[in-house]
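So the structure is just underneath, and the comments pick up after that.
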There are 2 protein chains.
Amino acid sequence: MGSLKYAADRLAANQRPPLSEAQEDYLKQVLLLGSEGRGTDRLEDTTTVSTQALAERMQVRPASVTGMLKKLAELGLVEYEAYRGVRLTQAGHRVALEVLRHHRLIEAYLHQALGYGWEEVHSEAEKLEHHISEAFEARIAQWLGHPSHDPHGDAIPSATLELPQSLPNRRLVGLEPGSTGRVARVATQDQDSLNLFAHLGLKPGARVELLEHAAEGSRIRVGKERYLLPASLAQVLWIHLEEENHANPA
Amino acid sequence: MGSLKYAADRLAANQRPPLSEAQEDYLKQVLLLGSEGRGTDRLEDTTTVSTQALAERMQVRPASVTGMLKKLAELGLVEYEAYRGVRLTQAGHRVALEVLRHHRLIEAYLHQALGYGWEEVHSEAEKLEHHISEAFEARIAQWLGHPSHDPHGDAIPSATLELPQSLPNRRLVGLEPGSTGRVARVATQDQDSLNLFAHLGLKPGARVELLEHAAEGSRIRVGKERYLLPASLAQVLWIHLEEENHANPA
DNA sequence: CCCATTTTTTAGTTTAGGCTAAACTTATAG
DNA sequence: CTATAAGTTTAGCCTAAACTAAAAAATGGG
């Protein structure tokens, strides 16, 4: 009786029962995985995501993923077809963007307000993103001046969940030798990789030149130093080219 | 096998396996309840705490409390004797103080850095206290200048978990009519009560005069206004008297 | 000092989100 | 067009932390 009443109230107010931390994380990773591995860094979940990819990302067994996907499908947050993968629904997409907004705002705040290194903010934000109120979100967004990107160069969805326009970027691994540009995004969540990038000075905004691609990786120049960047890392480094003509694509 | 090895490692490093949010909350409330209802506001858990009191505070059934207390006793965090109540062990006391430090530092930070009203900070801190790292704790403590009290006037345990010295305070409900002093602590976690105190201007530091005690509550003066404060609220308002002689207690 | 009331415990469920092992699909290679 | 590999799902089990119902213990008033 009571529960029916509350359910009706939620329906009337168009509210969702609160999602668990795990559920939010799954939705976020479906969005991120669905947008990965393509030539653009836009966050659109065109692609369908596999159970296995999700299992690896969540550090969980595939069987556990199946269980969770069924639950999320019942909640109307994903479209799930057995053996074929998942994709976010409208509602699920909104939740994922909300979580991402929290995550990236927190990263920006930790960096700018509390002096965290840009490579340190991810893991702290990972824990906090599920536990802040809308009031907290609003206050740090305001303190930061409603930033469009976080310290890794990732776009921050606006309060209305639109994604800001980003400059055209390409993965370092796909550039022509001789190209020069600035780091736009460091698109990894792996702490060791982040530490390495930070150590090499490869943070968003840094100027970098691609010397050549070799079998062992890509040779690059950063300031006066030259490095050999393994392909796995050159994959996740997005560069905004300097000398390109953006004015007249026609 | 593996688990034995890890257990041994933890023992060697004198580490505890991480506690759940619920476990931390129980320990915190044992500390708070054990220090309540006495003439002092020092945080010492001399008293033993009943299952029932804990159940009310945690919004949970007594049976659930019993279950949790048994678990905490196994972990060596409380001394628990059936039918007689609980008390924190050394180790449990330390955990409780750590959680309290997190909570109160967060409250202070929300108030001073992000402009939250002092009556708004409790519930946000309640969620965040379990999810911040030691690095975060250290950074906000430093930003704040290592404060000794939070916006409600509650003492903040230091990094080494010592409690700062507080001025001698007494509950409003126990003062003699005619006394004047300043609000030292607003010792409630109830949001409605906090809102009311805030509305009346009864925040830490505010000057207040006790006019008289009546059956319906205590008549007070705050600035130019006079109010009748129900006994339940006069209970939780701690006053630092102005005209008392603290210099020579002998 | 006994009985009624209150408090606490016991025993058995529930829900969320993991796990393993086995079974089943889909894709791929002959 | 099968046979096998790779990927996925099912079934069954586990733990944490809540719950309920009922039994047992403690307490306090007459």
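So you know, we letter chains A, B, ... as the sequences are listed, proteins then strands, and number each from 1. Since this is a predicted model, take the numbers as computed values, not measurements.
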Looking at Lys71(A), does any N or O in its side chain come under 4.0 Å of the phosphate oxygens OP1/OP2 on dT15(C)? no

Taken to the nearest whole Å, CG/Leu19(A) to P/dA16(C) is 12 Å

Between Arg139(B) and Glu124(A), does any side-chain N to carboxylate O distance fall below 4.0 Å? no

Have a look at Ala22(A) and say if it touches a base, only the backbone sugar-phosphate, or nothing, with a 4.0 Å heavy-atom cut-off. sugar-phosphate

In whole Å, I'd like the distance from the OH atom of Tyr80(B) to the P atom of dT8(C). 9 Å

dT10(C) phosphate, OP1 or OP2, under 4.0 Å from Lys70(B) side-chain N/O: yes

Rounded to the nearest Å, what distance is computed from the CZ atom of residue Arg84(A) to the C1' atom of nucleotide dA27(C)? 10 Å

Between Thr66(A) and dT10(D), is there a contact of a side-chain N or O with OP1 or OP2 at under 4.0 Å? no

Rounded to whole Å, please give me the gap between CG in Leu54(A) and C1' in dG7(D). 14 Å

So, is Tyr26(B) close to the dA18(D) phosphate, meaning a side-chain N or O under 4.0 Å from OP1 or OP2? yes

Whole angstroms only, please: what is the CD-C1' distance between Glu21(B) and dA17(D)? 12 Å

Quick one: is Ser50(B) getting a side-chain N or O under 4.0 Å of the dT7(C) phosphate, OP1 or OP2? no

Full working for side chain to side chain donor-acceptor pair (under 3.5 Å) between His122(A) and Gln191(A): CA-CA 8 Å; His122(A) 179 77; Gln191(A) 191 59 58; over 6 Å; no

Rounded to whole Å, please give me the gap between CD in Gln52(A) and C1' in dT8(D). 9 Å

Report yes if a side-chain nitrogen or oxygen of Arg61(A) is closer than 4.0 Å to either non-bridging phosphate oxygen (OP1 or OP2) of dT20(C); otherwise report no. yes

What closest approach, in Å, do Phe197(A) and Leu233(A) show between heavy atoms, and which atom pair accounts for it? CZ-O, 3.6 Å

Give Val65(A) one of three labels, base, sugar-phosphate or nothing, depending on what nucleic acid heavy atoms sit under 4.0 Å from its own. nothing

How many whole angstroms separate atom CG of Leu69(A) from atom P of dA16(C)? 16 Å

Are any of Ser64(B)'s side-chain N or O atoms less than 4.0 Å away from OP1 or OP2 of dC19(D)? yes

Considering only NZ, NE, NH1 and NH2 on the basic side and carboxylate oxygens on the acidic side, decide whether Glu24(A) and Lys28(A) come within less than 4.0 Å. no

Looking at Thr89(B) and Gly76(B), would you say the former's side chain and the latter's main chain have a donor-acceptor pair under 3.5 Å? yes

Rounded distance (Å) that lies between atom C1' of dT8(C) and atom CD of Glu56(B): 14 Å

